Each structure stands twice: as structure tokens, then as C-alpha cells.
Amino acid sequence: MPEPKAVPLLRAIALRPGSAAHSLTISLRYAAPALLGYIAVRLTGLAILMISASVTGKDGMRRLTGRWDSVWYQRIAEHGYGYEVRLPDGTLHSDLAFFPLLPALERGLSVLFPPLGVAGAGLLISWLASLAAACGIFAVGARIYGHRAGTLLAVLWGAYPTAFVQSMAYTETLFTALAAWALYAVLTDRWITAGVLCVGAGLTRPVAAALIAAIGVTAMWRLVTERGGGEPLRRHWRMAVGVCLAPLGWLSYIVFVAVWEGNPFAYFDIQADWNNRIDGGAALAVFVAEQFGRSVLAGLGLCAAFALLLWVVWLCVRQRPRQPLPVIVYCVMVVVISLIGSGYFGSRPRLMMPAFPLLLPAAVALARARRRALPAAIVGVAALASGVYGAFNLLGSGPP
């Protein structure tokens with residue numbers, strides 16, 4: 001069956017070509033199926049959560065705004081940095097482990113709209129960012145594989161197993177929105193825009209290192225492969241500016257923490273206090289061995305999950321002639337960064353959620369399906385499963 005043809009996004013741009021917003025704005029009409037599908041999936045998850053919370057006598061909204069990392073971001077928004085918690089075992093947890101963009105936005109929005117409060121502001125930012133992320137994911141998918149695949153990519157991201165985090169006052173949606181649009185900017189040769197968006201991503205989550213790498217590697221590859229090809233000097237200049245801008249957000253916060261603590265490696269020491277060390281996967285191997293020690297079935301299930309992950313990554317890499325270099329580098333780096341640390345292993349699926357290109361093989365396969373009802377049926381089942389899994393996790397005791 002022939003592959004779906006990519007529909008040029010420029011046909012769908014409603015703004016005048018050449019205007020400042022032209023590069024990153026898709027007409028609502030063109031993106032409507034993706035956005036409406038994404039909203040439907042997320043509303044399904046929220047409905048399942050609220051019904052489950054009502055049945056169990058728990059507060060569903062509090063699970064979205066008032067637990068785990070959300071509380072740390074709200075405290076930073078209200079009081080600034082400097083809060084620490086000493087655990088019974090003597091371990092020190094500092095709020096400097098959390099990047100500043102979300103709490104800064106929470107504080108600004110709560111000042112502009114006092115009735116929201118910091119908690120409400122965080123939730124609103126996350127929900128609005130989720131729509132921007134879905135639109136950016138759609139833009140990337142549509143540019144590479146066509147409108148239908150882009151739509152399915154955005155909707156599948158909303159049905160990701162830990163997609164319930166997309167409805168929480170967390171940073172995943174904000175980061176993914178910035179990353180997706182930065183990748184789209186690279187794909188459309190808008191390097192300065194990509195660099196600026198990467199600055200924002202670097203102020204949001206440490207995994208912005210993956211986006212920085214994607215921009216840098218792509219630029220280097222362009223310079224090598226297009227050498228002597230008569231490329232305009234202006235394009236190379238703009239590419240260099242974008243590459244130089246990309247790491248500034250991430251680096252600025254690392255430097256800020258270093259100055260605050262008087263230690264050039266302070267940020268990494270603080271992460272180590274949170275048990276987030278880069279160990280090359282040693283802690284992960286120990287965790288897998290422990291699962292086998294408790295139950296052979298649990299160990300085999302975990303290995304099967306990792307095998308599935310590696311297979312999906314291989315599918316993405318194998319599609320290299322169609323998947324652009326920045327998309328592959330970003331996706332692989334997010335997965336690698338999520339696996340080589342020693343942090344809480346229950347959060348690994350959430351940490352990999354910004355790697356939306358992992359869903360491209362599934363989106364393309366569904367877009368090529370001969371039975372038109374098959375994609376809707378699969379997305380529906382995935383949305384229900386994601387909603388049930390999300391309710392189970394959010395109404396439980398552990399962090400996502």
C-alpha cells in the first residue's frame with residue numbers, strides 16, 4: 001500500500017507568509033482533528049479519574065494539583081528557592097533540584113488572576129501546554145508522514161500509559177510543547193526560533209540536554225553534508241546562532257545553582273541527594289535483578305517491557321530515511337537519559353513521555369490501515385486503558 005504523502009504545512013497556515021508567527025502557527029482548521037482527538041482522549045482519562053475518586057471517597061482534583069512534585073513547584077512559586085527537607089535517614093532534599101520556568105509562570109499567572117491561586121495556575125498552564133504540545137507533535141508528524149499520521153501521533157500521545165501526568169501540574173506538557181515546536185522549527189530551517197524554544201525547554205527540565213543534542217548534531221551534519229554545496233552564508237549564520245542559543249537555558253540554571261551554593265557541581269550534588277545519579281544504567285540492572293529475586297514473572301515482565309522499548313527505538317531508527325535526524329537524535333537521547341540514572345524507577349515511563357517520536361511507527365501503521373475504523377477502535381481501547389491505569393496510580397500512594 002502506498003505511503004501517506006506529507007501535506008505541506010504551508011498550505012494550512014492562516015497567517016500571511018513571512019510574518020513573525022508564520023513559522024510556528026498552524027491553522028486551527030488543519031490541526032482540528034488532532035486537537036479534538038487529543039482533548040477527547042484526555043477528557044476520557046479525567047472522567048475515569050473523577051469517577052474512581054468519587055467511588056473511593058478521594059479528592060481527584062487534589063491528586064492533580066496538591067501532591068508530589070506539584071507541591072515543590074508551588075512552594076517555589078510562592079516563596080522562591082531555598083527550601084530544604086531533611087529526611088529521617090539524614091538525606092537532604094533541596095528545591096534547587098527543580099527547574100524554574102513552571103514556578104515562574106505559576107507565580108506570574110496567579111498574580112494576574114488571584115482567584116486561580118498558585119495551584120490553579122499550575123494546572124491551567126499544564127492543560128494549555130498540553131494543547132500546545134499536541135499541536136506541535138501533530139506538526140512534526142504531519143510534516144514527515146502526512147496529516148493522518150500526524151493526527152494519530154498527537155492522539156496516541158494523549159493515550160500514552162502515563163498520560164495522566166499531562167493533566168497534572170507537572171512540567172512534562174510544558175517541556176514537550178517547547179521541544180516539539182523546536183523540532184518543527186529545525187525541520188523548517190528556522191534555527192533561531194529553535195534555539196529560543198530550546199532555551200525555554202532548558203529552563204523547564206534537565207532532559208533538555210536531549211533537545212540541545214538534537215539541534216547541535218543536526219547542525220553539524222548539515223555543515224558536513226552540505227559542504228561546498230553553495231549554501232547561503234545567511235542560512236549558516238542563523239544556524240550557528242540557533243545552536244549557540246540552544247544550551248543557554250539549561251546552562252544558566254546550572255550556573256545559578258552553582259553560584260547559589262558556591263560549588264560548580266552543586267546541581268549534580270543536589271540531584272545525587274535526591275538519588276538521581278548518572279550511573280550508566282548500573283542501578284537499573286540491580287533493580288531488574290531484584291525483581292527476579294522477588295518473582296521470576298515480575299522479572300520476565302520487566303525484561304519484556306524493556307525489550308518492547310528497544311524494539312520500538314529500533315523501528316524509529318530503521319525508519320531513518322523518512323525520520324529526520326533531529327527527531328531520531330532527540331527521541332533516542334530522551335530514552336537514554338531516562339534509563340541511565342539511579343532515580344525512582346516507577347517514574348521512568350513518565351520521564352520518557354516527552355519522547356513522542358517513539359509513537360511514530362504506530363501512528364504510521366494505523367494511518368496505513370485499510371480498515372478506516374481500526375485506528376479509532378485502537379485509540380479508544382488505549383484511551384480507556386490509559387485512563388484506568390492513571391486513576392490507579394493517582395489514587396494510590398506512590399508518585400507517578
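Counting from 1, the numbers follow the sequence of the chain as shown. What you see is a predicted model; the values in this text were computed from it and never measured.
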With sequence neighbours left out, the residues meeting side-chain contact (heavy atoms from CB on, under 4.5 Å) with V217 are L325, V329
To the closest 0.5 Å, what do you measure between CG (L187) and CD1 (I144)? 5.5 Å
Could you note down all residue pairs passing side-chain hydrogen bond (donor to acceptor under 3.5 Å, both in side chains) where residues 112-136 supplies at least one of them, sequence neighbours left out? S126-T173
What residues, two or more places apart in sequence or in another chain, satisfy salt bridge (charged side-chain N to carboxylate O under 4.0 Å, His left out) together with R350? E172
What side-chain donor-acceptor pairs closer than 3.5 Å can you find for residues 290-316, not counting sequence neighbours?
from, atom 1, to, atom 2, distance (Å)
S295, OG, L297, N, 3.4
S295, OG, A298, N, 3.3

Qualifying residues under side-chain hydrogen bond (donor to acceptor under 3.5 Å, both in side chains), relative to Y160, sequence neighbours excluded: none
Under the side-chain hydrogen bond (donor to acceptor under 3.5 Å, both in side chains) test, residues paired with T176 that sit two or more places apart: none
In terms of heavy-atom contacts, L203 and G249 come closest through CD2-O, 3.3 Å
F256/Y253 aromatic ring centres below 6.0 Å: yes
Under 4.5 Å between side-chain heavy atoms, hopping through other hydrophobics if needed: is there a path connecting L178 to L351? no
Restricting to pairs with a member in residues 96-114, which pass side-chain hydrogen bond (donor to acceptor under 3.5 Å, both in side chains), not counting sequence neighbours? none
Looking at R62 and R67, would you say the former's side chain and the latter's main chain have a donor-acceptor pair under 3.5 Å? no
I215 reachable from M220 in the ILVMFWY side-chain graph, under 4.5 Å edges: no
Residue pairs passing the side-chain hydrogen bond (donor to acceptor under 3.5 Å, both in side chains) test with at least one member in residues 262-282, sequence neighbours excluded, are N263-D269, Y267-Q271, Q271-N276, N275-R277
According to salt bridge (charged side-chain N to carboxylate O under 4.0 Å, His left out), who are the partners of R63, at least two apart in sequence or on a separate chain? none
Tell me, please, which residues at least two apart from Y73 pass ring pair (Phe, Tyr, Trp, His ring centres under 6.0 Å). F98
For F113, what residues pass the ring pair (Phe, Tyr, Trp, His ring centres under 6.0 Å) criterion, not counting sequence neighbours? none
Does any pair with a residue in residues 113-142 pass salt bridge (charged side-chain N to carboxylate O under 4.0 Å, His left out), and if so which ones, sequence neighbours excluded? none
